[in-house]
Amino acid sequence: MIINNFFFKKITFVFLLFMMGGQTPLLATQVSSFASLPTIAKSMLNFVPQGWYLERKIVAELNGDDFSDTILVLTDNNQTTKSQAEGHRKIIILFGKSTGEFELNSVAHHVLWCEDCYGTLGGPGGNFPEIKVSKGVLSIYQSGGSSQAIDITLKFRYEPKSNKFRLIGKDSIVRNRPTGDGEIVSINYLSNYKKISNISFDRFGENEKITDKVEKIKPTMIYLEGYNIDEL
């Protein structure tokens with residue numbers, strides 16, 4: 001789903017408050033620290049670069065070969081980059097091998113928000129993404145904001161011909177908390193259709209009105225590694 005630009009720009013402005021101070025060189029350093037990751041290793045910890053720590057791991061079957069695969073969520077342990085909105089969290093996908101080793105498949109630098117990027121709705125301790133796997137579909141849910149609240153769900157599925165995880169669906173809800181007005185957008189990248197639902201109330205917060213619109217979108221191939229949640 002594509003978020004209404006007005007709502008998104010307001011939320012992005014809030015996030016940018018956390019991104020001040022040498023962002024470009026820091027992000028370049030973060031990305032380069034992952035360039036030397038091994039292709040295959042016996043321990044998943046071999047895929048955690050220096051200065052990062054393992055926040056969470058999810059074990060699931062992702063590529064259909066009946067060997068358990070692993071999703072790693074890494075968090076930057078360098079306090080000087082704590083305020084960086086991009087690059088603070090990474091997703092790494094490892095495929096399980098018959099030898100018991102781990103094979104690197106994907107490194108996603110910009111799919112997850114940082115701890116401080118969820119706004120006031122994330123609470124004083126920040127927030128965490130919800131990551132689940134069901135029937136081979138990797139689902140990533142994140143929510144945040146302040147007076148403008150946002151909920152985003154991304155769905156990826158392994159594509160054998162490209163050996164990558166393709167974005168197959170995106171759902172978002174952006175709402176104005178004081179008024180209750182909002183927009184729900186759902187995109188199916190397999191059927192190439194987008195549904196937009198606008199919700200509004202009268203000045204008393206009553207008489208909900210919903211208008212729906214469905215439109216065809218241009219076929220698009222988006223993959224986990226190249227996706228940037230700040231460029232919706």
Side-chain angles (χ1 to χ4, degrees), residues 1-24 26-31 33-34 48-49 51-58 71-93 106-133 138-156 165 167 169-177 182-187 222-232:
M1 66 208 150
I2 297 177
I3 297 175
N4 178 281
N5 285 336
F6 174 75
F7 287 127
F8 179 68
K9 287 178 180 179
K10 293 192 72 173
I11 294 171
T12 302
F13 176 76
V14 175
F15 290 168
L16 288 174
L17 296 179
F18 299 101
M19 295 170 60
M20 300 175 66
Q23 175 181 337
T24 302
L26 286 172
L27 289 179
T29 300
Q30 291 178 0
V31 172
S33 67
F34 286 81
V48 182
W52 293 78
Y53 69 90
L54 180 59
E55 178 180 297
R56 184 184 176 192
K57 71 173 182 178
I58 300 98
I71 303 166
L72 305 181
V73 178
L74 305 186
T75 304
D76 187 359
N77 200 29
N78 187 339
Q79 295 297 320
T80 63
T81 62
K82 274 291 185 181
S83 63
Q84 302 304 307
E86 291 186 79
H88 180 59
R89 278 194 173 107
K90 312 287 187 184
I91 286 183
I92 292 182
I93 295 183
S106 302
V107 179
H109 295 284
H110 306 303
V111 173
L112 303 180
W113 287 329
C114 70
E115 293 176 2
D116 296 331
C117 297
Y118 292 84
T120 57
L121 292 181
N127 209 337
F128 300 90
E130 295 182 13
I131 301 175
K132 299 179 181 179
V133 177
L138 170 61
S139 178
I140 303 172
Y141 170 78
Q142 300 181 89
S143 64
S146 53
S147 61
Q148 300 288 348
I150 180 171
D151 297 83
I152 299 178
T153 300
L154 305 171
K155 294 182 179 180
F156 296 88
F165 283 83
L167 180 66
K170 180 165 62 173
D171 299 294
S172 70
I173 303 174
V174 179
R175 58 191 183 277
N176 184 306
R177 295 176 66 213
E183 181 183 74
I184 302 174
V185 183
S186 180
I187 299 179
I222 304 172
Y223 295 97
L224 180 70
E225 287 188 304
Y227 186 82
N228 188 335
I229 196 169
D230 293 322
E231 296 179 357
L232 298 174

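Keep in mind that this is a model prediction, so the values were computed, not measured.
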Show the nearest heavy-atom pair for residues [X] and [Y], with the distance to one decimal.
| X | Y | result |
| --- | --- | --- |
| R56 | I131 | NH2-O, 3.3 Å |
| E55 | P129 | OE2-CD, 4.3 Å |
| V107 | E225 | N-OE2, 3.0 Å |

Should [X] and [Y] count as side-chain neighbours, where that means a heavy-atom distance under 4.5 Å?
| X | Y | value |
| --- | --- | --- |
| V73 | F128 | no |
| R175 | D151 | yes |
| N176 | Q148 | yes |
| I173 | S143 | no |

K90/D76 ion pair, N-O < 4.0 Å: no
Measuring from [X]:[atom1] to [Y]:[atom2], what's the distance to the nearest 0.5 Å?
| X | Y | atom1 | atom2 | value |
| --- | --- | --- | --- | --- |
| I222 | L154 | CD1 | CG | 9.5 Å |
| L224 | I71 | CG | CD1 | 9.0 Å |
| W113 | I152 | CH2 | CD1 | 4.0 Å |
| L112 | I140 | CG | CD1 | 5.5 Å |
| L138 | F165 | CG | CZ | 7.0 Å |
| I91 | H110 | CD1 | NE2 | 12.5 Å |

Test ring-ring contact (aromatic ring centres under 6.0 Å, His included) applied to F156 - qualifying residues, sequence neighbours left out: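 Partners of F156 under the ring-ring contact (aromatic ring centres under 6.0 Å, His included) test: none.
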- prompt: Do the side chain of Q142 and the main chain of V111 share a donor and acceptor less than 3.5 angstrom apart?
  reply: yes
